[in-house]
Amino acid sequence: GVRGCGAVPAVGSSKAERPAGGCEGPHLSLQCAARIPEAGALLDLLEKCPEHQKKGGFPVVVFEGLDATGKTTVTQSVKDTLNGILLSSPPACISQWRTIFDDEPAPIKRAFYAAGNYILASEIAKASTQAPVIIDRYWHSTAAYTIATEINGKVQDLPPANDKVYQWPEDLLKPDLVLLLTVDPEERVQRLHRRGLEKTKEEAELEANSLFRQRVEESYRRMVNPACQEVDASPSKEEVLKTVLQLIKKHCAL
Ligand SMILES: Nc1ncnc2c1ncn2[C@@H]1O[C@H](COP(=O)(O)OP(=O)(O)OP(=O)(O)O)[C@@H](O)[C@H]1O
Ligand SMILES: Nc1ccn([C@H]2C[C@H](O)[C@@H](COP(=O)(O)O)O2)c(=O)n1
């Protein structure tokens, strides 16, 4: 087994004898490594990361949200303004394997992202001794997308608000602040469009995945310890940056 899990159904279990991401135990990680060579390399990297990583003295701020809500844009600006270090998830050292795991069944795909969070924790621990750390997605993304994938139907069908699936894993380094960027669905589609997605594909995505996106966003809102602080990211880039910097100054010692 590897680490605690960081995703449904085992969110919150500490150092559980199961691989990251809620796979079915050590056997699956071995099976994965036998069938997918990259899984072996991933597990090797994970095993090299010290357990129970500790944060340095600088603040660690995570940005979460659906695609095209502006995470890349705002994380880059915050990093520049604060002279910080920008990290993203999955971390660069495993991102070359992302497409391989994205094509695998959900538990294996999820295990890849969950393992990535623990590898990222090592990078956060080191970087936060040097400068403020700004992160584009972390554990809340893995958990929220997993929950929204596992549960079909409406927001009302999600596990109840106090369920342990919304708890941060005990053995994963915690950030100081998590900001959830939200924009209304129409604005989000416009941003996708401006970024170059074809209109027809946008419409298909909007129709097919409207309930899925609602489940992801509601799951984010139910996360605790740390909870996500919601930021309306609909205003201009400059205004969003101003709001975000105010929140960081309010919640973190810079
Ligand atoms: N506040 C804003 N107002 C208008 N457009 C914005 C704003 N923030 C970002 N955009 C534009 O919206 C598009 C999506 O932004 P961005 O790539 O930063 O989102 P993202 O959340 O990182 O997406 P993904 O998760 O898919 O990588 C980009 O074209 C970007 O220039
Ligand atoms: N820590 C993470 C990061 C990403 N994911 C998954 C969730 C989505 O399927 C996808 C979004 O990533 P993006 O397109 O914004 O790079 O990746 C995750 O589960 N955990």
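Just follow the structure's listing: the first ligand is 1, and inside any ligand the first atom is 1.
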**Q** So, the side chain of Asn225 versus the backbone of Gln167: is there a donor-acceptor pair under 3.5 Å, distance only?
**A** no

**Q** Can you tell me which residue and heavy atom of the protein come closest to atom 1 (N) of ligand 2, and the distance to 0.1 Å?
**A** Ser89 OG, 2.5 Å

**Q** Going by the order shown, which atoms of ligand 1 are within less than 4.0 Å of some heavy atom of Thr73?
**A** 9 (C), 15 (O), 16 (P), 18 (O), 30 (C)

**Q** Which residue holds the protein heavy atom closest to atom 19 (O) of ligand 1, what is that atom called, and what is the gap in Å?
**A** Gly70 N, 3.1 Å

**Q** Tell me whether Tyr138 has any N or O atom under 3.5 angstrom from an N or O of ligand 2.
**A** yes

**Q** Are Ser234 and ligand 1 in contact, using a heavy-atom cut-off of under 4.0 Å?
**A** no

**Q** Enumerate the atoms of ligand 1 whose separation from the nearest heavy atom of Ser236 is less than 4.0 angstrom.
**A** 1 (N)

**Q** Hey, is Arg222 close enough to Asp163 for a salt bridge, meaning N to O under 4.0 Å?
**A** no

**Q** In plain terms, say whether Arg191 and Glu187 are close enough for a salt bridge, that is, a side-chain N and a carboxylate O under 4.0 Å apart.
**A** yes

**Q** Using a strict cut-off of 4.0 Å, indicate which atoms of ligand 2 neighbour a heavy atom of Asn117.
**A** 1 (N)

**Q** Work out whether the distance between some heavy atom of Arg98 and some atom of ligand 2 is less than 4.0 Å.
**A** yes

**Q** Taking 4.0 angstrom as the limit and counting only heavy atoms of Arg194, give me the atoms of ligand 1 inside it, by number and element.
**A** 4 (C), 5 (N)

**Q** May I ask you to test the Leu158-Ile147 pair for a side-chain heavy-atom distance under 4.5 Å?
**A** yes

**Q** Taking the side chain from Asp157 and the backbone from Lys154, do they hold a donor-acceptor pair closer than 3.5 Å?
**A** yes

**Q** Considering heavy atoms of the protein only, find what lies nearest to atom 23 (O) of ligand 1 and give residue, atom and distance to 0.1 Å.
**A** Ala68 N, 2.9 Å

**Q** Show me the donor-acceptor pairs within less than 3.5 Å that the side chains of residues 120-137 make with the rest of the protein, sequence neighbours left out.
**A**
| from | atom 1 | to | atom 2 | distance (Å) |
| --- | --- | --- | --- | --- |
| Ser122 | OG | Gln53 | NE2 | 3.0 |
| Ser128 | OG | Gly56 | N | 2.7 |
| Ser128 | OG | Ile124 | O | 2.8 |
| Ser128 | OG | Ala125 | O | 3.2 |
| Thr129 | OG1 | Lys126 | O | 2.6 |
| Arg137 | NH1 | Gly65 | O | 3.1 |
| Arg137 | NH1 | Ser141 | OG | 2.9 |
| Arg137 | NH1 | Tyr220 | OH | 3.2 |
| Arg137 | NH2 | Gly65 | O | 3.3 |
| Arg137 | NH2 | Tyr145 | OH | 3.4 |

**Q** Would you confirm whether Arg110, through its side chain, and Thr142, through its main-chain N or O, come within 3.5 Å as a donor-acceptor pair?
**A** no

**Q** Assign the ring pair Phe101 / Phe112 to parallel, tilted or perpendicular, where the plane angle (0 to 90°) is split at 30° and 60°.
**A** parallel

**Q** Counting non-hydrogen protein atoms only, what is the nearest one to atom 28 (C) of ligand 1? Give residue, atom name and distance.
**A** Arg195 CD, 4.1 Å

**Q** To the nearest 0.1 Å, how far is atom 1 (N) of ligand 1 from its closest protein heavy atom, and which atom is that?
**A** Pro235 O, 2.9 Å

**Q** Give the residue, atom name and distance (to 0.1 Å) of the protein heavy atom nearest atom 9 (O) of ligand 2.
**A** Tyr145 CD2, 3.8 Å

**Q** Taking Val74's backbone N and O only, do any of them form a donor-acceptor pair with Lys79's side chain (distance below 3.5 Å, no angle check)?
**A** no

**Q** For atom 3 (N) of ligand 1, what's the nearest protein heavy-atom neighbour? Residue, atom name and distance, please.
**A** Arg191 NH2, 3.3 Å

**Q** Can you find a pair of side-chain heavy atoms, one from Ile248 and one from Pro59, that are under 4.5 Å apart?
**A** no

**Q** To the nearest 0.5 Å, tell me how far Glu230 CD sits from Leu247 CG.
**A** 11.5 Å

**Q** Specify side chain, backbone, both or neither for Trp139, according to which of its non-hydrogen atoms lie closer than 4.0 Å to ligand 2.
**A** neither

**Q** Closer than 4.0 Å to some heavy atom of Thr72 - which atoms of ligand 1 meet that?
**A** 17 (O), 18 (O), 20 (P), 22 (O), 27 (O)

**Q** Just need the protein heavy atom nearest to atom 31 (O) of ligand 1, so name the residue and atom and give the distance.
**A** Lys237 NZ, 3.0 Å

**Q** Atoms of ligand 1 less than 4.0 Å from Arg137 heavy atoms?
**A** 25 (O)

**Q** Return the closest protein heavy atom for atom 20 (N) of ligand 2 as residue, atom name and distance.
**A** Thr142 OG1, 2.7 Å

**Q** List the closest protein heavy-atom neighbour of atom 25 (O) of ligand 1: residue, atom name, distance to the nearest 0.1 Å.
**A** Lys71 NZ, 2.8 Å

**Q** So does Ala143 get a backbone contact from the side chain of Trp139, meaning a donor-acceptor N/O pair under 3.5 Å?
**A** no

**Q** Judged on heavy-atom distance to atom 11 (C) of ligand 2, which of Lys109, Arg137, Glu64 sits nearest?
**A** Arg137

**Q** Whether the side chain of Arg215 engages the backbone of Gly153 through a donor-acceptor N/O pair (distance < 3.5 Å, no angle test) should be reported.
**A** yes

